[in-house]
Amino acid sequence: MQPLENKNLVSVIIPCYNQGKYLKETVISALNSSHKPLEIIVVNDGSTDDSLMIAQEIQQEFPQIEIIDQENGGVSSARNTGIEAAKGEIILPLDGDDLISENYIEEAVKVLNSKPEVKVVYCQGIKFDESGQKSWNLKPFSRHELALDNMIFHAALYRKADWKRAGKYSVEMRYMGREDWEFWIKMLKDEGEVEQLPFIGYYYRLTPTSKRKKTATTEKKRERIAFLNQQHQEFFKRELNGPLRMQRSWSKPYNTLLKIFNLI
């Protein structure tokens with residue numbers, strides 16, 4: 001049997017690509033967590049700015065921080081690298097400019113330890129930038145809704161064993177974006193419950209150079225949907241009567257109509 005201390009160890013995985021200016025604030029946000037024991041692994045994903053140097057300066061101040069330096073491989077690769085090295089049974093991915101509340105990890109661990117049927121725990125979130133905060137209305141989880149869109153941000157807690165069982169983050173989606181959505185589909189499409197904590201515990205920083213903006217083009221959307229349909233055909237068939245469509249909300253009625261006329 002694994003020691004209780006290791007069982008409760010949470011590994012916070014922080015991929016960083018050119019986010020050095022925000023990194024210390026993110027690391028301190030995690031260090032201030034009321035949950036202990038805690039492991040923090042910063043993965044420098046081939047940054048072209050001074051992120052690695054800043055990470056090393058942070059490590060001098062907080063020696064418990066671990067740093068992994070790798071060639072640029074994208075956020076999925078960086079998360080996978082950090083999780084592979086993690087000693088904790090529970091994982092929290094946290095991008096290099098994110099923030100969390102002091103009680104987020106503690107409350108999430110309570111749920112994961114008391115409810116084995118729950119695979120993913122997240123909370124309410126806020127988007128923010130230099131001009132202030134914006135509310136973030138996330139839809140309730142269901143597998144049908146997950147087939148149409150993602151309602152779980154990447155900074156949710158889950159067990160390392162479930163990450164491995166799901167097949168890890170897909171590095172093939174590096175240039176498509178929305179890797180977290182596909183990961184949740186992999187982990188949750190057949191079983192597992194999701195619980196949202198009833199408080200704001202996650203703060204997502206809006207930046208002009210965010211990957212989400214870069215991958216919001218029609219071309220990237222087509223690539224993404226094609227990949228999702230290829231990887232999860234049976235899931236979409238079950239939830240949407242057929243493949244995910246470009247107009248996602250119309251997927252099920254459109255597929256149902258095509259089935260009536262034997263066109264799919």
Side-chain angles (χ1 to χ4, degrees), residues 2 4-14 26 29-30 32-40 75-76 79 82-83 86-95 98-128 133-170 178-204 228 232 235 238-239:
Q2 194 168 14
L4 183 61
E5 183 178 355
N6 288 342
K7 182 178 180 182
N8 286 329
L9 176 65
V10 173
S11 297
V12 181
I13 310 301
I14 306 178
T26 297
S29 169
N32 285 340
S33 172
S34 57
H35 176 85
K36 299 294 184 289
L38 204 63
E39 174 185 54
I40 298 177
V75 68
S76 288
R79 286 176 188 158
I83 297 169
K87 301 179 185 70
E89 283 194 2
I90 297 174
I91 302 296
L92 171 62
L94 198 62
D95 282 356
D98 290 338
L99 302 173
I100 57 171
S101 67
E102 291 184 7
N103 62 332
Y104 179 29
I105 296 177
E106 180 180 6
E107 295 303 320
V109 169
K110 288 178 184 177
V111 174
L112 289 171
N113 283 345
S114 63
K115 299 180 180 179
E117 70 277 10
V118 173
K119 283 189 172 184
V120 180
V121 181
Y122 66 125
C123 59
Q124 297 171 14
I126 286 287
K127 299 178 182 180
F128 74 101
Q133 297 184 346
K134 301 177 182 179
S135 60
W136 194 354
N137 298 317
L138 298 164
K139 295 179 181 178
F141 170 79
S142 73
R143 271 172 261 279
H144 174 73
E145 290 298 326
L146 186 63
L148 295 170
D149 199 3
N150 186 26
M151 71 291 296
I152 309 171
F153 44 68
H154 69 270
L157 287 90
Y158 54 83
R159 299 175 187 89
K160 182 175 178 177
D162 287 326
W163 162 82
K164 189 172 183 179
R165 195 174 297 114
K168 310 178 183 181
Y169 289 92
S170 294
R178 309 295 295 277
E179 296 97 329
D180 49 334
W181 181 21
E182 196 265 345
F183 177 68
W184 299 134
I185 291 175
K186 285 202 291 191
M187 184 182 286
L188 298 165
K189 62 183 178 181
D190 293 321
E191 63 178 0
E193 300 303 318
V194 174
E195 186 158 325
Q196 186 188 50
L197 300 170
F199 60 84
I200 296 170
Y202 171 61
Y203 301 84
Y204 175 77
L228 290 170
H232 307 290
F235 171 65
R238 185 184 74 215
E239 299 296 335

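Keep in mind the model is a prediction, meaning the values are calculated, not measured.
Annotation: the span from Ser29 atom OG to Ile100 atom CD1 amounts to 4.5 Å, rounded to 0.5 Å. Taking OH of Tyr204 as the reference point, atom CG of Asp98 lies at 8.0 Å (rounded to 0.5 Å). Asn8 CG to Leu112 CG: the interatomic distance, rounded to the nearest 0.5 Å, is 10.5 Å. The line from SG of Cys123 to CD1 of Ile152 is 12.0 Å long, rounded to the nearest 0.5 Å. Of the inter-residue distances, the one linking Leu38 atom CG with Glu106 atom CD reads 11.5 Å to the nearest 0.5 angstrom. Taking CD1 of Ile90 as the start and CG of Asn113 as the end, the distance is 5.0 Å to the nearest 0.5 Å.
Note on Arg79 versus Asp180: no salt bridge recorded, every NZ/NE/NH1/NH2 to OD/OE distance being 4.0 Å or above. Salt bridge absent: Glu193 and Lys115 never bring a charged side-chain N and a carboxylate O closer than 4.0 Å. In this structure, Lys186 does not pair ionically with Asp162, as no charged nitrogen and carboxylate oxygen lie closer than 4.0 Å.
Put simply, the side chain of Tyr169 reaches to within 4.5 Å of the side chain of Ile83, judged on heavy atoms. Under the 4.5 Å side-chain criterion, counting only non-hydrogen atoms from C-beta, Leu197 is not in contact with Lys110. Using a 4.5 Å cut-off on side-chain heavy atoms (C-beta onward), Leu228 and Ile185 make contact. Side-chain contact check for Leu92 versus Tyr104: some heavy-atom pair is nearer than 4.5 Å. Residues Thr26 and Ile14 meet the side-chain proximity criterion, which asks for heavy atoms closer than 4.5 Å. Contact of the Val120 side chain with the Leu157 side chain is not registered, since no non-hydrogen atoms from C-beta on lie closer than 4.5 Å.
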Practice task
With side chain to side chain contact (heavy atoms under 4.5 Å, CB included) as the test, would you mind laying out the steps for Lys87 and Glu39 before giving the verdict?
Solution key: CA-CA 8 Å; Lys87 301 179 185 70; Glu39 174 185 54; 3.5 Å; yes

Handout entry: side chain to side chain contact (heavy atoms under 4.5 Å, CB included) between Tyr203 and Gln133, intermediate numbers included
Key = CA-CA 9 Å; Tyr203 301 84; Gln133 297 184 346; 4.2 Å; yes

Practice task
Start with the C-alpha distance between Lys119 and Glu191, add both sets of side-chain angles, then the distance that settles side chain to side chain contact (heavy atoms under 4.5 Å, CB included), and finish with yes or no.
Solution key: CA-CA 9 Å; Lys119 283 189 172 184; Glu191 63 178 0; 3.7 Å; yes

Exercise for the section: Kindly determine whether Gln196 and Leu138 satisfy side chain to side chain contact (heavy atoms under 4.5 Å, CB included), including the steps that lead there. Expected result: CA-CA 10 Å; Gln196 186 188 50; Leu138 298 164; 4.0 Å; yes

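Heavy-atom minimum distance, Ala156 versus Tyr122: CB-CB, 3.7 Å. Closest heavy-atom contact between Ser170 and Glu182: OG-OE1, 2.8 Å. Nearest heavy-atom pair, Ser135 versus Ile126, reported as atom, atom and distance to 0.1 Å: CA-CD1, 4.3 Å. The minimum heavy-atom distance linking Ile13 with Gly82 is given by the pair CD1-O, 3.5 Å.
At distances below 3.5 Å, not a single donor-acceptor pair connects side-chain atoms of Ser11 with backbone N or O atoms of Ala86. With hydrogens and angles ignored, the 3.5 Å screen pairs no side-chain donor or acceptor of Lys168 with any backbone N or O of Arg165. Here the side chain of Trp181 pairs a donor or acceptor atom with the backbone of Leu146 at under 3.5 angstrom. Arg178 places no side-chain N or O within 3.5 Å of a backbone atom of Asp149 that could act as its donor or acceptor partner. Distance alone, capped at 3.5 Å, places no donor-acceptor pair between the Trp184 side chain and the Asn150 backbone.
Ser33 and Glu102 share no donor-acceptor pair across their side chains, judged by distance under 3.5 Å alone.
Checked against salt bridge (charged side-chain N to carboxylate O under 4.0 Å, His left out), Lys139 has the following partners two or more places apart in sequence or in another chain: Glu145. By the side-chain contact (heavy atoms from CB on, under 4.5 Å) test, Glu239 pairs with Arg143, His144, Ala147, Phe235, sequence neighbours left out. Applying the ring pair (Phe, Tyr, Trp, His ring centres under 6.0 Å) rule to Tyr202 yields the partners Phe153, His154; only residues at least two apart in sequence or on another chain are considered.
The one candidate from Ile40, Ile105, Ile91 that meets the side-chain contact (heavy atoms from CB on, under 4.5 Å) condition with Val10 is Ile105.
With ring centers used as reference points, Trp163 lies 6.0 Å or more from Tyr158.
More than 12 heavy atoms of other residues, nucleotides or ligands sit less than 6.0 Å from atom NZ of Lys36.
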